[in-house]
Participant: 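Starting off with a structure, shown below.
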There are 2 protein chains.
Amino acid sequence: MNEEFTIGQVAEKTGLSIHTIRYYEKEGILPIIKRNKSGTRIFEYEDIQWINLLNCLRNTGMPIAQLKEYADLTLEGDQTGEKRLEILKKQKEKIEEQVNTLKSHIDLLNLQMEWYPRLKKVNIQFDHVMKTWLKDGKLPPEL
Amino acid sequence: MNEEFTIGQVAEKTGLSIHTIRYYEKEGILPIIKRNKSGTRIFEYEDIQWINLLNCLRNTGMPIAQLKEYADLTLEGDQTGEKRLEILKKQKEKIEEQVNTLKSHIDLLNLQMEWYPRLKKVNIQFDHVMKTWLKDGKLPPEL
DNA sequence: CTACAATCTAGAGTTCACTCTAGATCAAGT
DNA sequence: ACTTGATCTAGAGTGAACTCTAGATTGTAG
């Protein structure tokens, strides 16, 4: 479990580019990365874990600035656990919201797609649905 | 059903800013918007429907350039129906993928959150899970 | 008629998150 | 030792999608 990785290997494993990993380090959202005597970065297994968490948060829309906050809290140590937990909880809620939004987007697309084959008839329905959409931002209950 | 709206009203109804609506028009992804004799835009109900569709596609990651394609196809008329249907179908699949990704992100966050209360014990599990994650990009089957 | 808020255009500026470049150094195989 | 490919830094450049500005014009409530 004391494997070591070069930046290239980490890039491959995490799906980030080498540039991006260095950029993240510069932004201070990576833990302190070990170096060998000539300055080449040496990543450990833990670092990859961390990057995967970052990726998860980034992919769900958390901006770098907030990742920085999270990283700083982590640096402060155990007593910030609660705060970090809170951040993760909030992000989870945000993702759940995103899932719901995406689902209603799927509904809208399905609707729009039905529109093509049965034009005249569904046009009226569509109109009705759109009115509901405009009014309260969701599909009418009878769908 | 022949209601008319100002740009400000449309902004409020669609959640876009006034600037963004004008920007979208400049990019050619809005239908031709009526004007009154002195040049003020007059939006109709249809235009709002269209913007809602745009919003749906944009929010799920479709770039402006592709919206432009879609808009151009629509301008060409009925004979492009199939192509447009195809675009919407693909986007729907993309959204479904996004939902799945988000769900596995939630799993990862849940895991990371469990980590805090029961530290030592779950650390090992977490490690195991992360290894699976790194290897095949998903959670181990036993979870 | 008079304010005052909303709209208009063209174009410049901003933000975010990378992404790339140049020029130097280093690591590993033969 | 030599070569080739990977890595290093500092800093510039990019692309997407807005977002804002200035200066003029218009719509409307009192």
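Reminder, nothing fancy here: chain letters follow the sequence lines and each chain counts from 1.
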Participant: Could you tell me how far apart A:Met62 (CE) and C:dC16 (P) are, to the nearest whole angstrom?
Facilitator: 15 Å

Participant: Can you name the residues that form a side chain to side chain contact (heavy atoms under 4.5 Å, CB included) with B:Thr6, not counting sequence neighbours?
Facilitator: B:Gln9

Participant: Rounded to whole angstrom units, what separation is found between the CZ atom of A:Arg22 and the C1' atom of C:dT25?
Facilitator: 13 Å

Participant: Please enumerate all residues that pass side chain to side chain donor-acceptor pair (under 3.5 Å) together with A:Ser17, with sequence neighbours excluded.
Facilitator: A:Thr20

Participant: Which atom pairs, one a donor and one an acceptor, fall under 3.5 Å between side chains of residues 21-31 of chain B and the rest of the protein, sequence neighbours left out?
Facilitator:
from	atom 1	to	atom 2	distance (Å)
B:Glu25	OE1	B:Arg35	NH2	3.3
B:Glu25	OE1	B:Arg41	NE	2.9
B:Glu25	OE1	B:Arg41	NH2	2.8

Participant: Got a donor-acceptor contact below 3.5 angstrom from the B:Thr40 side chain to the B:Asn36 backbone?
Facilitator: no

Participant: Heavy-atom distance under 4.5 Å between the side chains of B:Leu54 and B:Leu67, does that happen here?
Facilitator: yes

Participant: With sequence neighbours excluded, what pairs up with B:Asp72 under the side chain to side chain donor-acceptor pair (under 3.5 Å) test?
Facilitator: B:Lys68

Participant: The criterion is side chain to side chain contact (heavy atoms under 4.5 Å, CB included); which residues satisfy it with B:Asn59, sequence neighbours excluded?
Facilitator: A:His105, B:Asn55

Participant: Quick one: which protein N/O atoms are closer than 3.5 Å to N/O atoms of nucleotides 22-26 of chain D? Pair and distance per line, please.
Facilitator:
from	atom 1	to	atom 2	distance (Å)
D:dT26	O3'	B:Ser38	OG	3.3

Participant: Scan for salt bridge (Lys or Arg N to Asp or Glu O under 4.0 Å) pairs involving residues 42-51 of chain B, sequence neighbours excluded, and state none if there are none.
Facilitator: B:Lys34-B:Glu44

Participant: Does any non-hydrogen side-chain atom of B:Ile48 lie less than 4.5 Å from one of B:Val10?
Facilitator: yes

Participant: Return a table of donor-acceptor pairs under 3.5 angstrom between the side chains of residues 86-94 of chain A and protein atoms on other chains or two or more places apart.
Facilitator:
from	atom 1	to	atom 2	distance (Å)
A:Gln91	NE2	A:Thr60	O	3.2
A:Gln91	NE2	A:Thr60	OG1	2.8
A:Lys92	NZ	B:Asn110	OD1	2.9

Participant: Axis-to-axis angle across the helix from C:dC1-D:dG30 to C:dT30-D:dA1, five pairs an end, to 10 degrees?
Facilitator: 20°

Participant: Give every pair of a protein N or O atom and an N or O atom of nucleotides 10-13 of chain C that lie under 3.5 Å apart, one pair per line with the distance.
Facilitator:
none

